[in-house]
Structure formats: structure tokens, C-alpha cells
Amino acid sequence: MLSIQEHGTVEEASSNLLDFILIPDNWLEQAPPQPEGSAAWPASDTQYQRRVGPLRICASVDVAPSLDVTLHIAFRAPGLTPIKAADHLESFLKQRLPLTPNSEWQVEVDDRRWIHFSRRYAGTHLLA
């Protein structure tokens with residue numbers, strides 16, 4: 001079984017994981033919609049995951065077939081609420097991509113209790 005890198009703080013995990021996922025060679029092809037209950041995300045590759053105590057973090061930059069680019073960050077921990085996950089998101093992004101007023105994030109809680117945040121990463125879609 002592959003292990004997930006462990007860090008002491010969300011900020012430390014952020015620095016390490018964002019350095020990895022923001023490199024275009026590490027961007028992922030966006031998975032097609034999966035049947036209900038299927039585990040397409042978070043990425044099964046542990047390179048895209050980090051752990052801070054009981055908190056699990058998974059992040060990726062996904063490229064859709066339309067070439068839209070999305071930043072996707074998810075959190076999971078016992079008793080985690082969307083409000084607390086939003087606090088983790090703010091801490092996670094503070095050093096590299098601070099949250100700004102009126103920035104829009106889509107939020108979703110899946111069947112496995114991952115709390116997902118996603119938003120467009122590039123202003124317009126990529127041109128091939």
C-alpha cells in the first residue's frame with residue numbers, strides 16, 4: 001500500500017502539494033462523469049494527496065476535453081464540516097493563491113465525505 005506524505009501544518013502541506021500540482025506536466029485529464037458512488041476523484045495517485053494529522057488533502061489541476069482548466073482541492077477528516085473545510089482551503093491557498101473577495105468556488109460534499117472545492121484556474125480555455 002502506498003503511503004500519503006504527512007506534514008505538520010496545512011501551510012506546509014500546501015507548499016509541497018501546490019509546488020507539485022501547479023507544474024503543467026502534472027496536470028490531469030479531467031475524468032468523465034462516473035456512475036453514482038464511483039470513486040473517480042480524489043486522484044488515486046498519492047502524489048496528489050497529503051495528510052496533516054487526521055486531515056486528508058487532495059488537490060489537482062484538471063484539464064477538460066474542452067481545454068478548460070480547473071483547480072480542484074478536497075478535504076476529508078472525521079467531523080469535518082464545509083465551513084471548517086473552507087477555513088482549511090483559505091490556509092491551504094494563503095501562501096500561493098490567496099482567496100480574494102468575490103472569488104467563486106463550487107463546493108460539493110460527496111458520498112465518501114470528501115468536501116470538494118473547485119474553480120476555473122485559467123481565465124479562458126487553453127488553445128491547442
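- Within 6.0 Å of the CD atom in Glu90, the count of heavy atoms belonging to other residues, nucleotides or ligands does not exceed 12.
- Checking side-chain atoms of Arg76 against main-chain N and O of Arg112 turns up a donor-acceptor pair under 3.5 Å.
- Side-chain contact, Arg56 with Gln49: a donor N or O sits under 3.5 Å from an acceptor N or O.
- With a 4.5 Å cut-off on side-chain heavy atoms, Phe92 and Val52 do not count as touching.
- Around the CD1 atom of Ile83, the shell of radius 6.0 Å holds no more than 12 heavy atoms that belong to other residues, nucleotides or ligands.
- Here the closest heavy-atom approach between residue Leu17 and residue Ala59 is recorded as CD2-CB, 3.7 Å.
- Shortest non-hydrogen contact noted between Ser60 and Leu28 is CB-CD1, 3.7 Å.
- Without hydrogens or angle criteria, Trp27 side chain to Val63 main chain gives no donor-acceptor distance under 3.5 Å.
- Taking every heavy atom of both residues into account, Leu93 and Ser14 meet most closely at N-OG, 4.5 Å.
- The main-chain N or O of Thr70 is never found under 3.5 Å from a side-chain atom of Asp62 such that the two would form a donor-acceptor pair.
- For the atom pair CD of Gln106 and CZ of Phe117, the computed distance is 12.0 Å after rounding to the nearest 0.5 Å.
- How far CG of Asp68 is from CZ of Arg120: 4.5 Å, rounded to the nearest 0.5 Å.
- Taking the side chain as every heavy atom from C-beta outward, Gln5 and Asn16 approach each other to under 4.5 Å.
- The main-chain N or O of Leu22 is never found under 3.5 Å from a side-chain atom of Tyr121 such that the two would form a donor-acceptor pair.
- Considering only heavy atoms from C-beta on, Ser118 stays 4.5 Å or farther from Ile73 through its side chain.
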Yes or no on side-chain contact (heavy atoms from CB on, under 4.5 Å) for Leu80 and Phe75, after CA distance, side-chain angles and deciding distance?
CA-CA 8 Å; Leu80 186 65; Phe75 301 94; 3.7 Å; yes

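- In Glu6, the CD atom is crowded: over 12 heavy atoms of neighbouring residues, nucleotides or ligands sit closer than 6.0 Å.
- Put simply, the side chain of Asp110 gets close to the backbone of Arg113: a donor and an acceptor are under 3.5 Å apart.
- Counting only heavy atoms from C-beta outward, the side chains of Ile115 and Val107 approach each other to under 4.5 Å.
- Note that NE2 of His116 is 13.0 Å distant from CG of Leu89, once rounded to the nearest 0.5 Å.
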After noting the C-alpha distance and the side-chain angles of Glu11 and Gln95, does the key distance pass the side-chain contact (heavy atoms from CB on, under 4.5 Å) rule?
CA-CA 8 Å; Glu11 292 82 4; Gln95 295 173 341; 3.9 Å; yes

